[in-house]
Every structure is written in C-alpha cells, then in structure tokens.
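The chains referred to below are lettered A, B, ... by the order of the sequence lines, with proteins before strands, and numbering in each begins at 1. These numbers come from the heavy atoms of this one structure, side chains and all, not from hydrogens, waters or symmetry mates. As the structure is a prediction and not an experimental result, all values here were calculated from the model.
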Amino acid sequence: MLGMTFVRAYGDGSLVRGMIVETEAYEDGDPACHAYRRRTQRNAVMFGDPGRLYVYQIYGMYHCLNVVAHPPGIPGAVLIRALALDRVPPGCRDPKPLHRLAAGPGLLCRVLGIGRQYNGWPLEPQRGESFWIEDKPKDWQGEWVQTTRIGLTQGVEIPWRWYLRDHGAVSRRG
DNA sequence: AATATGATGTAA
DNA sequence: TACATCATATTT
C-alpha cells in the first residue's frame with residue numbers, strides 16, 4: 001500500500017488526498033492483533049470483507065485507521081500510520097506544516113475527522129461521504145524500509161512496519 | 001536527544 | 001489492568 005493514495009471525500013464533495021507513507025500489518029496468530037484471541041464486538045470488522053475500514057479508539061483520545069486485508073473469516077488488517085496530505089483538510093486548526101499533519105495514526109484520524117462512525121465502511125467512492133484508495137502511477141518509484149512495529153508490548157519482534165525512506169511525513173524513523 | 005507523564009475510553 | 005497515541009515537560 002505504500003505509495004498508494006488514500007482519499008477522503010466529504011459530504012460537500014471536497015476531497016483530501018494523502019499518499020500512504022507508513023503502514024503496519026496485523027494478522028491472525030499475531031499476539032499484537034486485536035483479533036488474536038477471538039472475535040469480539042470491537043474486532044468483528046476484521047473478520048469480514050476485505051477492503052473495509054477497521055476503526056478503533058485508543059488511549060481514550062485517539063482513533064486508528066486500518067484496512068481489512070484478508071478473506072472473510074480470517075482476521076487481518078493494515079494500519080495506516082501516516083499520510084502525506086495534498087492540502088490542509090477542512091476545519092484543521094493544527095498549525096504544523098502540511099507534511100506533519102497526518103504523521104501518525106492518531107493524528108491522521110483526528111485531522112481527517114475519522115472516528116468509529118466509519119468502522120466497517122467500504123473503500124469505494126459513493127454519494128456523500130466516502131473513502132477510497134487510488135493506485136500509484138505505473139512509473140512510481142519509492143524505496144521503503146522495514147522495521148518492527150511501534151507502541152506494542154506483544155509481538156514486538158515481528159518486523160511488520162514499513163515506511164517510505166526519506167519521506168518527511170513518516171511518524172518516526174528507525 | 002532521550003525519557004517521563006498526563007489526558008482518557010473501553011476491551012480483556 | 002493494559003492499551004497498535006500524542007503533546008508537553010523534564011532529564012541527560
């Protein structure tokens with residue numbers, strides 16, 4: 001998904017695009033995955049159709065955005081950790097430079113107004129508010145770096161974080 | 001530059 | 001009790 005573009009369409013028809021510059025992956029059998037133990041109300045979307053949004057709240061004040069990645073019945077998702085936005089989203093009051101506005105999973109949800117109301121939403125254009133992902137150009141080139149995931153206490157050693165090398169919108173390097 | 005802490009809701 | 005975070009404060 002690195003290099004692809006996540007698009008947020010608002011009810012008034014305006015769009016904000018963000019190139020995906022940092023991701024993490026979570027799957028069945030992975031102790032850091034919310035679906036590690038069993039299906040619950042919170043993680044149910046991860047057991048459903050791929051290409052839907054899995055949005056959860058974390059630490060009481062942030063949300064994180066994932067894309068369901070496996071066939072129905074097999075939990076797994078990709079956490080979008082950072083986006084390089086093409087413009088300042090409507091209503092944004094964060095004074096940081098554009099390339100830092102979505103540099104982190106909690107930040108990108110906050111600045112794009114993504115909360116649990118979008119849990120389970122399909123990734124496809126539709127009337128009103130919607131979300132989709134656009135492929136990268138055919139000639140697109142980018143070098144990525146693979147590391148361990150951030151903020152975990154379980155599955156710490158699994159190297160399932162990727163980010164675009166030298167991109168300013170990455171939340172942190174290393 | 002690295003480390004600590006508080007804000008805060010909800011799932012396990 | 002722990003947590004897929006972030007901003008701010010404090011210590012190296």
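Taking atom C1' in both B/dT10 and C/dA7, one finds a spacing of 22 Å when rounded to whole Å.
Of the possible polar contacts, one joining the A/Q146 side chain to the A/P159 backbone as a donor-acceptor pair under 3.5 Å is found.
Residue A/R172 qualifies as open at atom CZ: its count of foreign heavy atoms under 6.0 Å is 12 or below. Atom CH2 of A/W140 sits in a crowded spot, with more than 12 heavy atoms from other residues, nucleotides or ligands closer than 6.0 Å.
Residue A/N43 forms a side-chain contact (heavy atoms from CB on, under 4.5 Å) with just one option from A/Y56, A/Y54, A/Y36, and that option is A/Y54.
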Handout entry: Under the 3.5 Å Watson-Crick or G-U criterion, the dot-bracket string of DNA chain C, with | for inter-strand pairs
Key = |||.|||||||.
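Between A/R110 and the phosphate of C/dA7, there is a side-chain N or O to OP1/OP2 separation shorter than 4.0 Å.
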Would you list the protein and nucleotides 10-12 of chain C atom pairs, both N or O, that sit under 3.5 Å from each other?
none

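Checked against the 6.0 Å centroid criterion, the rings of A/H34 and A/Y26 do not qualify as a close aromatic pair.
Judged by a 6.0 Å distance limit and a 45° cone about the ring axis, A/R165 is not positioned over the six-membered ring of A/Y163.
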Problem - Contact pattern, 5' to 3', of nucleotides 7-12 of chain B - B, S or - by protein heavy atom under 4.0 Å - result: BBBSSS
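A residue-by-residue look at A/Q154 and A/P105 shows that A/Q154 has its nearest nucleotide of DNA chain C further toward the 5' end.
In this pair, A/Y26 lays its aromatic ring flat on the base of C/dA4, centres within 5.5 Å and planes under 30 degrees apart.
We find the NZ-CG distance between A/K96 and A/L107 to be 5.0 Å, quoted to the nearest 0.5 Å.
In the model, A/T23 has no side-chain atom that pairs as donor or acceptor with a side-chain atom of A/R81 under 3.5 Å.
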Exercise for the section: Given salt bridge (Lys or Arg N to Asp or Glu O under 4.0 Å), test A/R17 with A/E134 step by step and report yes or no. Expected result: CA-CA 9 Å; A/R17 286 187 161 82; A/E134 296 173 350; 2.8 Å; yes
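Atom CD of A/E22 is separated from atom C1' of C/dT5 by 12 Å (rounded to the nearest Å).
Residues A/R110 and A/D94 are paired through a salt bridge, judged by an N-O separation under 4.0 Å between the basic side chain and the carboxylate.
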